[in-house]
Amino acid sequence: MKTSELLKLYGIKLNKNLGQNFLSNISVAEKIVNIANVKDDDVILEIGAGAGTLTEALLKTGAFVYAVEIDLQLKDVLYRLKHYKNLHLIFDDILKLDLSFLPENFRCISNIPYSITGHVIKKILFSNFFDAYLMVQKEVGERLLSKPGDSNRGFLTVVVQSICEIKKVLNVSKSNFVPNPEIDSSVIFFKKKKESLKNENLELYWQFVSNCFRQKRKTLRNNLKTFLNKEQIELLEKEIDLTKRPEDISERDFLKMWKIVYKKPL
Ligand SMILES: C[S@@+](CC[C@H](N)C(=O)[O-])C[C@H]1O[C@@H](n2cnc3c(N)ncnc32)[C@H](O)[C@@H]1O
């Protein structure tokens with residue numbers, strides 16, 4: 001059944017505040033599942049199951065799917081998938097959910113609620129995920145992929161690129177959603193780098209990069225002055241050109257600075 005018919009049948013009133021733009025084109029869901037090469041022994045976390053279009057495409061592979069949805073209004077439409085024995089539905093706020101029940105190396109495949117993109121990405125980066133395929137707004141995808149020197153580059157870009165290999169795997173036109181959002185989407189692939197930061201350091205690193213970007217248009221030195229002392233800045237100066245803006249610095253140099261300042265191993 002088409003998504004729009006499902007919404008009518010179950011009397012669902014979409015909530016814009018929850019980013020409810022549902023996939024209306026089943027073939028897009030199937031394409032994502034194919035690109036991710038989902039296997040029957042995979043354990044998948046799906047954030048924001050919505051009306052279950054992507055959920056069902058995932059379930060058909062035989063993979064075990066933990067589908068999280070905050071909106072209780074969607075209970076009945078998602079319960080139609082109850083006959084799949086490989087489904088566990090969780091009605092909760094993903095940002096409040098403790099993900100430690102998931103096995104190490106779980107995969108996350110989701111069309112995420114756009115209004116909380118940064119928080120969702122943080123939640124995944126701080127988990128034991130193996131890889132993730134996340135549908136995000138096209139502009140957000142471009143920002144995440146931007147290289148040093150690109151004014152699009154922000155603090156989330158640097159943190160994500162420090163921890164993960166990322167690439168765009170699919171463009172999805174806005175016409176594939178109900179209701180149509182204002183902009184197109186992209187599916188971005190995230191894979192944790194082998195030498196990734198451990199969680200304890202990740203929080204510190206997150207804060208460090210965020211502080212470096214506090215005033216994006218100012219030089220790195222001016223940003224660093226707001227939270228580091230003179231000696232720390234002098235140490236950094238020997239290695240990095242602090243007259244550059246934070247957006248001009250590679251993620252490798254951010255990691256280098258962080259290690260110099262906090263003397264932390266990865
Ligand atoms: C963009 S829709 C995707 C729906 C579905 N996966 C699809 O592709 O059609 C995002 C979904 O996330 C849900 N959502 C929003 N905030 C959430 C949160 N904090 N925790 C869990 N789900 C959330 C929304 O209710 C909505 O169903």
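In listed order, ligands and their atoms are each counted from 1. For the numbers below, each heavy atom of this structure counts, side chains included, while hydrogens, waters and symmetry mates do not.
- Nearest protein heavy-atom contact of atom 19 (N) of ligand 1 is D93 OD1, 2.8 Å.
- If you run side-chain contact (heavy atoms from CB on, under 4.5 Å) between I163 and each of V158, L202, L255, only L202 comes through.
- When hydrogens are left out, the protein atom nearest atom 11 (C) of ligand 1 is G48 CA, 3.5 Å; that is the closest non-hydrogen contact.
- In terms of polar-atom proximity, E69 is counted as a contact of ligand 1, with an N or O under 3.5 Å from an N or O of the ligand.
- Residues L204 and V159 fall within the same hydrophobic cluster, defined by Ile, Leu, Val, Met, Phe, Trp and Tyr side chains chained together at heavy-atom separations under 4.5 Å.
- Cluster membership for F208 and L242, using ILVMFWY side-chain heavy atoms within less than 4.5 angstrom, is shared.
- A salt bridge links R153 to E251: at least one charged side-chain nitrogen sits closer than 4.0 Å to a carboxylate oxygen.
- Using a 4.0 Å cut-off between charged nitrogen and carboxylate oxygen, K174 and E182 do not count as a salt-bridge pair.
- At a heavy-atom distance under 4.0 Å, no atom of M135 approaches ligand 1.
- Transitive grouping of hydrophobic side chains (ILVMFWY, heavy atoms separated by less than 4.5 Å) brings I116 and L99 into a common cluster.
- Residue K96 places every heavy atom at 4.0 Å or more from ligand 1.
- Under 4.0 Å from ligand 1, the heavy atoms of D92 that appear belong solely to its backbone.
- A salt bridge links K230 and E234; the closest N-O separation between the charged side-chain nitrogens and carboxylate oxygens is under 4.0 Å.
- R107 has a carboxylate O that lies under 4.0 Å from a charged side-chain N of D131, or vice versa, which qualifies the two as a salt bridge.
- Closest to atom 20 (N) of ligand 1, if we only count protein heavy atoms, is I94 N, 2.9 Å.
- Of the protein's heavy atoms, P113 CG, 3.6 Å lies nearest to atom 16 (N) of ligand 1.
- In this structure, K75 does not pair ionically with E69, as no charged nitrogen and carboxylate oxygen lie closer than 4.0 Å.
- Shortest contact from atom 9 (O) of ligand 1 to any protein heavy atom: L23 N, 2.7 Å.
- Expressed to the nearest 0.5 Å, how far CZ of F227 lies from OG of S210 amounts to 8.5 Å.
- Ranking the protein heavy atoms by distance from atom 1 (C) of ligand 1 puts G19 O, 3.1 Å first.
- When hydrogens are left out, the protein atom nearest atom 15 (C) of ligand 1 is L18 O, 3.3 Å; that is the closest non-hydrogen contact.
- At the shortest separation from atom 8 (O) of ligand 1 among protein heavy atoms lies N111 ND2, 2.8 Å.
- When non-hydrogen atoms are compared, ligand 1 lies under 4.0 Å from the backbone of N21 (N, CA, C, O) but not from its side chain.
- Contacts of A49 with ligand 1, taken as heavy-atom pairs under 4.0 Å, involve the backbone alone.
- Set against the non-hydrogen atoms of E46, the atoms of ligand 1 under 4.0 Å away are 6 (N).
- Considering backbone and side-chain N/O atoms, T53 never comes within less than 3.5 Å of an N/O atom of ligand 1.
- Taking the charged nitrogens against the carboxylate oxygens, E247 and K216 do have a contact shorter than 4.0 Å, which makes a salt bridge.
- Among L95, I70, I47, the residue whose heavy atom lies nearest to atom 17 (C) of ligand 1 is I70.
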